[in-house]
Amino acid sequence: MKVHVNHESRSSASPVSGRIDEATARRIGQMVLVNFKGLSVNSEIRSMIESYHVGNILITQPNIKDGAQLANLTKELQSIAQAAGHQSPLMIGIDQENGMISQFGDGARATHFPGAMTLGATRAPNQAFEIGRAEAKELAAVGINWCFAPVLDVVKEQDGSGISVRSFGDDPQNVGRFGQAFADGLRAGGVATCAKHFPGANAAISNNGTFTSKTMEELETTELIPFRRAVSSGLDSVRLSSSIWSDDPQHSTYSKYIIQEVLRRHMGYEGVVLCGCTDMPSFVKKSNIAHATVDAVKAGCDMLLVLHTTETQRLGIEAIYDAVQREEIHRSEIYRASGRISLLKDHSLSWKIALSPNPQILPSLMHDHQILARKVYEGAITVVRDEHCLLPLNLKLASTDIVLLLSPVVRPLHPTPEGDLPIDPLEPLGRALARRHPRIKHAPYTLQGLMPHHVALVKQSAAVIFVTVNALQTRHQEYQIMMAEAVKRICSSKPFIALAGCDPYDLLSHRTFGTYLCTYEYSQAALETAAAVIFGERHAPGALPVGTPGAPVRRQQKQWFVEVWEKRKDLYASADLWKDCLGRKWPLDASTLSTILDRPGYSKHFVVRNPVTNELLGLAATYTIMLGPNQLIGSLALLIVRPTHRNLGIGLSLHDVAIKHLSNTTGITSIQLGSIFPRLFPGLPVDIPADDSAWFAHRGWRFEEKYVYDLYMDIENWVPPESILRPLEAKGVVFSRCTPQQYDGLIEFEVKNFGRYPGWVEKYQALKDTDDIADAVIATSHEGILGTALVFSPVSNNQMSKDIPWPKMIGERNGGLACVSVGQNSRGQGLGLALICASILELKQRGLKGCFVDWVDLAEFEGTYKQLGFHQWGKYREIWRRI
């Protein structure tokens, strides 16, 4: 496809004139994120906001001098947007991951916070939350309301992605755990989040003209795990990995598949999707920004980051105008994307806050936050190995001994202030060591490798501290490894301490370096903490958040062999498993469990056994239920694992097989966590341990604040309120058991009014099969049947008594009512309440002492059942996922 950009009318008063209507242009502007140069507003960024209606600004280093200046800049940008008629404030974002990428926080104008892998090494997600919240407070003080973090990529050794210490580690579960905590902290501090880089920096690799992409199954094993957790916890926005784009026509649809199938459909994400158009091959290789922006919108991106120059930004926006005009991009795509952005802004921003940054509070914030940051650094530094017990080093030294510090020449973490001389970023380590030992010599080394003066210094020294920084990231950096090996040979038996100032993989697999420390970044606080550890002033509590190359991945859970459940050999073992897992709160005997599980034709269950003893370790129960002629609902009704065998991957193995089975069943479009019929739990019980709930959230189940209830009432002495039945009886409404002569009319009524309710009509139809037609309580008048309800008892043949086991568990003489149905024309007249009363009276006449009601929502509970005397017996979170 060629994108033709109209270069005429560039000088017209409005770039929109003659190209596209104003309303659509404003929506397109909301879909664009741009940067600009300068410490104050210039004519170019003003034009972007006023003429092109751009609704999102990226703050970068050239825009930052100090907190006061930055606050004035963001306030002026917002004022321009408000005056230009923007309905919502600008999203003003910054790429501040912390650690090695910290645009604003340099330790002087704002706190330099520890980065992702530093946090990962603490093993404390709560500290990730605290750092995220602290960072957000400082950003909000200067008018920044959006942060491009956390990084949810799972790091791999030498993967070429450049992610390295920007990731929380190599364990996808831990990356998800820390990423969610950090994102929650940002939101708690008042800043929106943008997780990146979906679906992982190495989802696809383009090498020498060959484009290789990962399948859905491959992505599920690692890359998608952290993003699933982020989506389930509520993700503001997500930035795509540039690796998903290809300029090869054969692979041009991969990005669309990733966005619309994987992210939207499979993972259920409904928020803002951001992509970097100036990172796409069509711009990087061909400088065709028009092609890039149009392709991004067509693939399903909501917001487009366009960097480079104002001319590039203008061409990219106008290309979208033209594509809409010629209907290459449908207006519905523009409305859908801009609508998501509007929802994000409505949720996260307000003009009052946008126009009133408060940089005056920065000094007090920094005072508290620097204490917090140092605490994290102190908890993160890691002694990977100390095989010859060289630490603390001071025990091996005399006061007159020379200690040599060798460090590579590296880029500064922050720009050098104008007029200042550049400072070696590793100098703070030298100074910190010098405060602890009188004779420290610090010598840098470069690509030139081992020089004569290095050799002389090594020979003079009693010990060497050798620093590497990202020695494996590129081939040009490998000189550091060769330098380390050469110095180690010269040292012979002298103490040699290796320190990775950034990427822990540098010397991780080089066991010849017997003492090896990692700081994960070369910020001042990290280096000073390292000095304290080397000289024994501080313990190193950090844990390496990555595995040693070539060693087994200890954290990876085992894939267990999953078998199909068989009643003949698994029923009693399943009852024992139920007793171990749930029996204390929800006791069920083998006979009752058999009626629940044994449903040929629409159930399939799975088990995991101990491969040695054959003991049943886990059980997953699934059902299907009709939802119309050609549509089914899938239910993951039960997933239990023996308490002694949890956290071994059994639940995950069962879960994945069960979901795959349901997903591959023709007609199923959504899956319920819980079940409708038979009914163990209508959702996830709210009183299960928080870790169990979180387990499901991390597997892609969408948690919303939607609850359903089971109710119970003692009816032995219950009397119906006179105000409920009598007025209706006075109008000629009769409440009675259904007779065989009325049965066909009953079924016709249910099909007409409740045919779309899953399993509902079938329960009434089943009454004839078991000769229980009288278990239907009906309300009739001269107009016919007005409403119905089902009653059941533990001893009846009614299918409901087999589908809902809990009344019998509560007590021997307890019944229940279900499927209360009121016709469309009879609603709002108290008929439903009267049917419930008539059903309770029917149960009382049968000698029952209690009434159980399953699956009512809060409005039904509060508005109907509570006034009759029912109380909550169970509460469940209703949870679904789309296929």
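Being a predicted model, the structure only gives us computed values, none of them experimental. Numbering of residues begins at 1 and proceeds along the displayed sequence.
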Undergrad: Are side-chain heavy atoms of Cys301 and Leu274 found at a separation under 4.5 Å?
TA: no

Undergrad: Answer yes or no: is there a donor N or O on one side and an acceptor on the other, between the side chain of Gln480 and the main chain of Ser407, under 3.5 Å?
TA: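 Side chain of Gln480 to backbone of Ser407, a donor-acceptor pair under 3.5 Å: no, none is there.
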
Undergrad: Would you give the length of the straight line joining atom CZ of Arg385 to atom NE2 of His510, rounded to the nearest 0.5 angstrom?
TA: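 Arg385 atom CZ to His510 atom NE2 measures 9.0 Å (nearest 0.5 Å).
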
Undergrad: Heavy atoms, side chains only, cut-off 4.5 Å: are Val142 and Ile59 in contact?
TA: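 No, their side chains stay 4.5 Å or more apart.
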
Undergrad: Do the rings of Phe466 and Phe496 sit parallel, tilted or perpendicular, given the 30° and 60° boundaries?
TA: parallel

Undergrad: Quick test of your reading of the model: are Arg239 and Asp279 salt-bridged, counting only N-O distances below 4.0 Å?
TA: yes

Undergrad: Hey, is the main chain of Met100 close enough, under 3.5 Å, to the side chain of Ser102 for a donor-acceptor pair?
TA: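 Absent.
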
Undergrad: Distance from Asp302 atom CG to Ile259 atom CD1, nearest 0.5 Å?
TA: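 That separation rounds to 8.5 Å.
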
Undergrad: Nearest 0.5 Å, please: how far is NZ in Lys196 from CZ in Phe227?
TA: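 Reported value, rounded in 0.5 Å steps: 10.5 Å.
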
Undergrad: Do any N or O atoms from the side chain of Thr446 and from the backbone of Gln448 form a donor-acceptor pair under 3.5 angstrom?
TA: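 It does hold such a pair.
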
Undergrad: Without swapping roles, check the side chain of Ser167 against the backbone of Asp153 for a donor-acceptor pair under 3.5 Å.
TA: yes

Undergrad: Taking only distance into account, with no hydrogens and no angle test, what donor-acceptor pairs under 3.5 Å do side-chain atoms of residues 422-435 form with protein atoms, sequence neighbours excluded?
TA:
| residue | atom | partner | partner atom | Å |
| --- | --- | --- | --- | --- |
| Asp424 | OD1 | Leu426 | N | 3.0 |
| Glu427 | OE2 | Arg431 | NH1 | 2.8 |

Undergrad: Locate the shortest heavy-atom distance separating Ile163 from Ala201; write the atom from each residue and the value.
TA: CG1-CB, 3.8 Å

Undergrad: NZ of Lys494: more than 12 outside heavy atoms within 6.0 angstrom?
TA: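 More than 12 within 6.0 Å, yes.
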
Undergrad: Any side-chain heavy atom of Val403 sitting closer than 4.5 Å to one from Ile465?
TA: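 When only atoms from C-beta onward are counted, Ile465 and Val403 do touch, with a gap below 4.5 Å.
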
Undergrad: Give the minimum heavy-atom separation between Tyr520 and Ala543, together with the two atoms involved.
TA: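 Tyr520 and Ala543 have their closest heavy atoms at OH-O, 4.0 Å.
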
Undergrad: Would you check if Glu223 and Val154 make a side-chain contact, meaning some heavy-atom pair closer than 4.5 Å?
TA: no

Undergrad: Would you say the side-chain atoms of Gln96 pair up with the backbone N or O of Phe104, donor to acceptor, closer than 3.5 Å?
TA: yes

Undergrad: Do Arg187 and Asp236 meet the salt-bridge criterion of a basic N to acidic O distance under 4.0 Å?
TA: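 A salt bridge links Asp236 with Arg187.
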
Undergrad: Is Met483 close to His454 at the side-chain level, that is, under 4.5 Å between some pair of heavy atoms?
TA: yes

Undergrad: Between Glu528 and Arg538, does at least one N-O distance fall below 4.0 Å, as a salt bridge requires?
TA: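 Here Glu528 does not pair with Arg538 in a salt bridge, since their nearest N and O are not under 4.0 Å apart.
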
Undergrad: Measuring only between side-chain heavy atoms, which start at C-beta, is Leu344 closer than 4.5 Å to Met91?
TA: yes

Undergrad: With side chain to side chain contact (heavy atoms under 4.5 Å, CB included) as the criterion, how do Leu406 and Val464 come out once you've worked through the C-alpha distance, each side chain's angles and the decisive distance to 0.1 Å?
TA: CA-CA 7 Å; Leu406 288 170; Val464 172; 4.2 Å; yes

Undergrad: Passes side chain to side chain contact (heavy atoms under 4.5 Å, CB included), Ser237 versus Met303? Steps please.
TA: CA-CA 10 Å; Ser237 58; Met303 191 179 292; over 6 Å; no

Undergrad: Answer yes or no: is there a donor N or O on one side and an acceptor on the other, between the side chain of Asp506 and the main chain of Asn470, under 3.5 Å?
TA: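 Yes.
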
Undergrad: For Phe182 and Pro150, work out which heavy atoms get closest and say how close.
TA: CD2-CB, 3.9 Å

Undergrad: Taking all non-hydrogen atoms of both residues, which atom of Pro114 and which atom of Val376 are closest, and how far apart?
TA: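 Looks like CG-CG1, 3.5 Å.
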
Undergrad: Could you walk me through whether Trp146 and Leu33 pass the side chain to side chain contact (heavy atoms under 4.5 Å, CB included) check?
TA: CA-CA 12 Å; Trp146 193 20; Leu33 169 65; 4.2 Å; yes

Undergrad: Do NZ/NE/NH1/NH2 and the carboxylate oxygens of Arg133 and Glu130 come within less than 4.0 Å?
TA: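 A salt bridge links Arg133 with Glu130.
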
Undergrad: Quick one, Leu413 and Asp106 - any side-chain contact, counting heavy atoms below 4.5 Å?
TA: no

Undergrad: Main chain of Gly547, side chain of Asp170: is a donor-acceptor contact present, judged purely on distance under 3.5 Å?
TA: yes

Undergrad: To the nearest 0.5 Å, tell me how far Gln103 CD sits from Ile94 CD1.
TA: 5.5 Å

Undergrad: Is Arg475 atom CZ crowded by more than 12 heavy atoms from other residues, nucleotides or ligands, each under 6.0 Å away?
TA: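 No - once you tally the heavy atoms of other residues, nucleotides and ligands closer than 6.0 Å, there are 12 at most.
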
Undergrad: If you round to the nearest 0.5 Å, how far is CG of Asp386 from OH of Tyr516?
TA: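 It is 14.0 Å, given to the nearest 0.5 Å.
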
Undergrad: Would you name the heavy atoms of Tyr377 and Glu521 that are closest together and state the gap between them?
TA: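 So the minimum-distance heavy-atom pair works out to OH-OE2, 2.5 Å.
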
Undergrad: Identify the two heavy atoms, one from Leu365 and one from Lys137, that lie closest to each other, and give their separation to 0.1 Å.
TA: CD1-O, 3.8 Å

Undergrad: Under a 3.5 Å distance rule, please check whether His112 uses its side chain to pair with a backbone N or O of Asn98 as donor and acceptor.
TA: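 No; judged by distance alone, with no hydrogens or angles, the pair does not exist.
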
Undergrad: Counting distance only, does the side-chain N/O of Lys396 pair as donor-acceptor with the main-chain N or O of Cys389 below 3.5 Å?
TA: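 Yes; at least one donor-acceptor contact below 3.5 Å.
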
Undergrad: Which label fits His308 and Phe283: parallel for a plane angle under 30°, tilted from 30 to 60°, or perpendicular past 60°?
TA: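 The rings of His308 and Phe283 stand perpendicular, inter-plane angle above 60°.
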
Undergrad: Can you label the angle between the Tyr445 ring and the Tyr479 ring as parallel, tilted or perpendicular, going by 30° and 60°?
TA: perpendicular

Undergrad: For a side chain to side chain contact (heavy atoms under 4.5 Å, CB included) check, start with the C-alpha distance between Val155 and Met117, then their side-chain angles and the critical distance, and finish with the verdict.
TA: CA-CA 10 Å; Val155 72; Met117 193 167 286; 4.0 Å; yes

Undergrad: Can you tell me how far CG of Leu139 sits from OG1 of Thr74, rounded to the nearest 0.5 angstrom?
TA: 10.5 Å

Undergrad: With no hydrogens and no angle check, is any side-chain donor or acceptor of His369 less than 3.5 Å from a backbone partner on Ile131?
TA: no

Undergrad: Just wondering, do Pro199 and Ile244 contact through their side chains at under 4.5 Å, heavy atoms?
TA: yes

